[in-house]
Amino acid sequence: MYDLACKGRELSVKLLCSCLLFLGYTGGLYAQDYSEKLKRFLPDTLSEAQKLETLIELAHQYHGVDISFSTYCVQAYDSIAEVAGTPYDQGRAKYLLAVAARQLKKNSEAIVHASKGLEIFQQMGKLNNVAILQNFLATLYEQDKDSVQARHHYRLAHENFTKLGNRNWVGIVANNLAVLAYNFGDRPEAYAYIHQAIGILDSLGDYPNLMTAHNNLGDFSEKDKNFPQAIVQYQKVLAFPDSLNTESYLMAWGNLAWTYLAIGELTKARHIIDSISVSPYLANYPARMLSHAKLQSEYFGVSGDFEQAFSTYKHYISLRDSFEHEQEIIARKDAFAKYELAQKDYAIGLQKLQIQAKTRENQLLIVSLILLSLVIFLGWNRMQNRQKLAKQAADLYEQEIKRLEQEKQLESAQALLEGQVSERKRIAQDLHDSVGGLLSVIIATLERGQLPKAQSLMQAAYEETRRIAHAMRPAELDLLGLTEALNALADEWSHHDLQIMFEAAGDPDTLPDALAIQVYYMFKELLQNAQKHAEATHIWARLWLDEHILTIEVEDDGKGFDNSSNKVVSGMGLKGISERLNFLGGKLSIDTKPQQGSIFTAEIPLMNT
């Protein structure tokens, strides 16, 4: 009876936890009420197994239509599988959660789910599922720039697919291993893997992946100065129809042009560059557009047309900045996902400790009561032991809480360090690509004795250096302080058709340095927005702070607009301000009507800064 009661209690606890998780998904994770929508597909008459299969079908059906609802179905599947599903159902749930997290640009969360799924399938001995998850984990680590982990998991996947006799996947994974081996400087291993991949993929007729492999072999040959071999590999890619693998086709074109530039075949390079420029596929691949812009700049530089080289180089810089801005947004979202996941794990850890402590206390109490009914002395003795054990459990509980808090602090410090390293890399890349490129062109111009052009390019290099320095930190803040810097900005932008009045209160100059920089740029962007869109004659700019809130307000007497559309912020160029405020925990409000002016108010809670 006691064992039966314990099992029933354990099952009740599991069911209760799964219900709480399920309700959490419906109530907190999404704005839309998906619970009612899901009830239509899951009547009470269905068995648990039927519910699991229905949820899988729904997840696949809505994957390309509504990723949020698809993810919600996968999470519901995971909740049921935890209680009523087989180990295979639980492993599949973790894999599907990882796929959904990757689709939502949450790589860190995807790695956690995929690792749990891999562990389940390894315990079951499901070699095919293990190989698939090892390959999936390798791609996630590769996207996170963790080449060591990516190479490790690709090798395990290659080994397991070989055992299974799945030659197609062996070829695909060998292609990925070749690239990583070459990047690690292991050229013999890289060439061995790439030739294995080409042989297998060619024999199976997997031409899209074969095109990628030929591109990689061409890239290896070009870097090793074996230009004839590189040309042969790129031409093999171009021999296939471009519809098989459009991106590989564009890549082969661009790589072939770079090779011809390297060996001085300028006419052939120009012909390929012109062909790429009119390709209808180029606009679909931002990375290829960026590479093509750099290729054009390099060609004109080598050809001696420095004005055209400088013009195309500016276009390349503009594209690169836009592309990197999108990557920064994705990286920031992934960083927030890491933080949320760490908080979730911390909460789960505390909950487990509390349950364990409570369970241990109950068990000791039952033992004490039983012994007390037998003999008073033994009961008293057991009670003393229970108190000692409870104290030890409480001490262990406190130690575990301290350990989790220290881990959380360490993760926060590591995230901050990663952000600093990323910013330094971006500045170094700016100096290398923009100023370094301009200086190279200036040297070439001076060697040709073209002094006027060199002077013009030197002025451009000077302006680019000032742009980079100003992007890092506005000089006005150091010279004048925040209040005077904003006042000077308002005076500078005022003219006879537009009067800008600025006032400040609450001593904004006491703000932390990092926050002052953010305030300066948000203030500047709001003024630019009013100048560009409002058609106003007067702008009143205000900045004030109290004990808890920092407020930026920009009011104009312009034409105003209809604020009922959700596209106003992105349409009026306020996306950058919204992102800064989201990062600082603040919010932006807009009070406007057509022909009645506008008031933009940004509020930042100081406790979050």
Side-chain angles (χ1 to χ4, degrees), residues 87-88 91-92 94-99 101-103 106-224 233 245 247-248 251 334 338 418:
Y88 179 82
R92 182 165 65 165
K94 301 305 179 188
Y95 173 65
L96 293 173
L97 284 172
V99 172
R102 182 188 182 188
Q103 184 75 13
K106 297 180 178 180
N107 265 28
S108 301
E109 188 174 332
I111 288 172
V112 172
H113 290 310
S115 299
K116 291 179 180 177
L118 176 61
E119 182 180 353
I120 293 172
F121 286 126
Q122 283 175 331
Q123 293 173 353
M124 295 179 63
K126 295 284 186 180
L127 191 59
N128 186 59
N129 299 92
V130 167
I132 291 172
L133 271 166
Q134 284 167 339
N135 181 70
F136 184 71
L137 268 171
T139 61
L140 292 173
Y141 280 118
E142 195 172 16
Q143 289 175 355
D144 269 3
K145 311 300 182 186
D146 189 345
S147 300
V148 174
Q149 283 293 333
R151 192 180 188 188
H152 169 69
H153 285 284
Y154 273 136
R155 280 177 168 171
L156 293 175
H158 184 269
E159 178 182 347
N160 287 327
F161 281 128
T162 302
K163 290 178 182 178
L164 291 164
N166 192 331
R167 297 180 68 241
N168 188 246
W169 271 107
V170 171
I172 294 171
V173 176
N175 186 26
N176 294 329
L177 275 169
V179 175
L180 288 173
Y182 191 91
N183 291 339
F184 274 94
D186 193 346
R187 283 173 169 74
E189 181 176 311
Y191 281 102
Y193 275 128
I194 198 65
H195 285 300
Q196 181 193 39
I198 290 174
I200 293 174
L201 296 172
D202 189 27
S203 67
L204 295 175
D206 186 354
Y207 299 128
N209 285 311
L210 180 62
M211 292 168 70
T212 302
H214 280 304
N215 257 335
N216 289 335
L217 181 54
D219 183 56
F220 298 168
S221 302
E222 183 179 355
K223 289 176 179 176
D224 290 339
Q233 296 303 319
N245 190 335
E247 187 170 13
S248 286
M251 189 183 297
D334 194 51
K338 272 186 183 178
E418 288 175 357

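Excluded from the calculations below are hydrogen atoms, water molecules and symmetry mates; all remaining heavy atoms, backbone and side chain alike, are included. Residue numbers run from 1 in the order of the sequence given.
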In Å, rounded to the nearest 0.5 Å, how long is the span from [atom1] of [X] to [atom2] of [Y]?
X	Y	atom1	atom2	result
L127	L164	CG	CG	4.0 Å
M211	D206	CE	CG	11.0 Å
N128	W169	CG	CH2	10.0 Å
L140	Q149	CG	CD	11.5 Å
T139	Q143	OG1	CD	6.0 Å
K106	I111	NZ	CD1	14.5 Å

Below 4.0 angstrom, N of the basic side chain to O of the carboxylate: do R151 and D146 qualify? no
Could you check whether K163 pairs with E159 (Lys NZ or Arg NE/NH1/NH2 to Asp/Glu carboxylate O, under 4.0 Å)? yes
Sequence neighbours excluded and cut-off under 3.5 Å, please list the side-chain donor-acceptor pairs for residues 175-184, or say none.
from : atom 1 : to   : atom 2 : distance (Å)
N175 : OD1    : N216 : ND2    : 2.7
N176 : ND2    : Y154 : OH     : 3.4
Y182 : OH     : R187 : NH2    : 3.3
Y182 : OH     : D224 : OD1    : 2.9
N183 : ND2    : V179 : O      : 3.3

Take S248 and H214 through the side-chain contact (heavy atoms from CB on, under 4.5 Å) test and state the conclusion after the steps. CA-CA 9 Å; S248 286; H214 280 304; over 6 Å; no
In the structure I gave you, are the side-chain heavy atoms of [X] and [Y] within less than 4.5 Å of one another anywhere?
X	Y	result
H195	L217	yes
K94	L118	no
H152	Q134	no
L204	L210	no
N129	Y88	yes
L201	N168	yes
Q196	V170	yes

Could you name each residue pair satisfying salt bridge (Lys or Arg N to Asp or Glu O under 4.0 Å) that touches residues 118-137, not counting sequence neighbours? none
State whether the side chain of N245 and the backbone N or O of P208 hold a donor-acceptor pair below 3.5 Å, judged by distance alone.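 Checked: pair present.
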Any donor-acceptor pair under 3.5 Å linking the side chain of N135 with the backbone of A131?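 Not at all, since once roles are kept as given, no pair shorter than 3.5 Å links the two residues.
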Report the relative orientation of the aromatic rings in Y95 and F136; use parallel for angles under 30°, tilted for 30 to 60°, perpendicular for over 60°.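 Perpendicular.
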Classify the ring geometry of H153 against Y141: parallel below 30°, tilted from 30° to 60°, perpendicular beyond 60°. parallel
Donor-acceptor side-chain pairing of Q233 and N215 below 3.5 angstrom: no
Provide the closest heavy-atom pair for A98 versus A114 in the form atom of the first, atom of the second, distance.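 Nearest heavy atoms, A98 then A114: CB-N, 3.7 Å.
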Over 12 non-hydrogen atoms of neighbours within 6.0 angstrom of OH in Y207: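 No, not enclosed.
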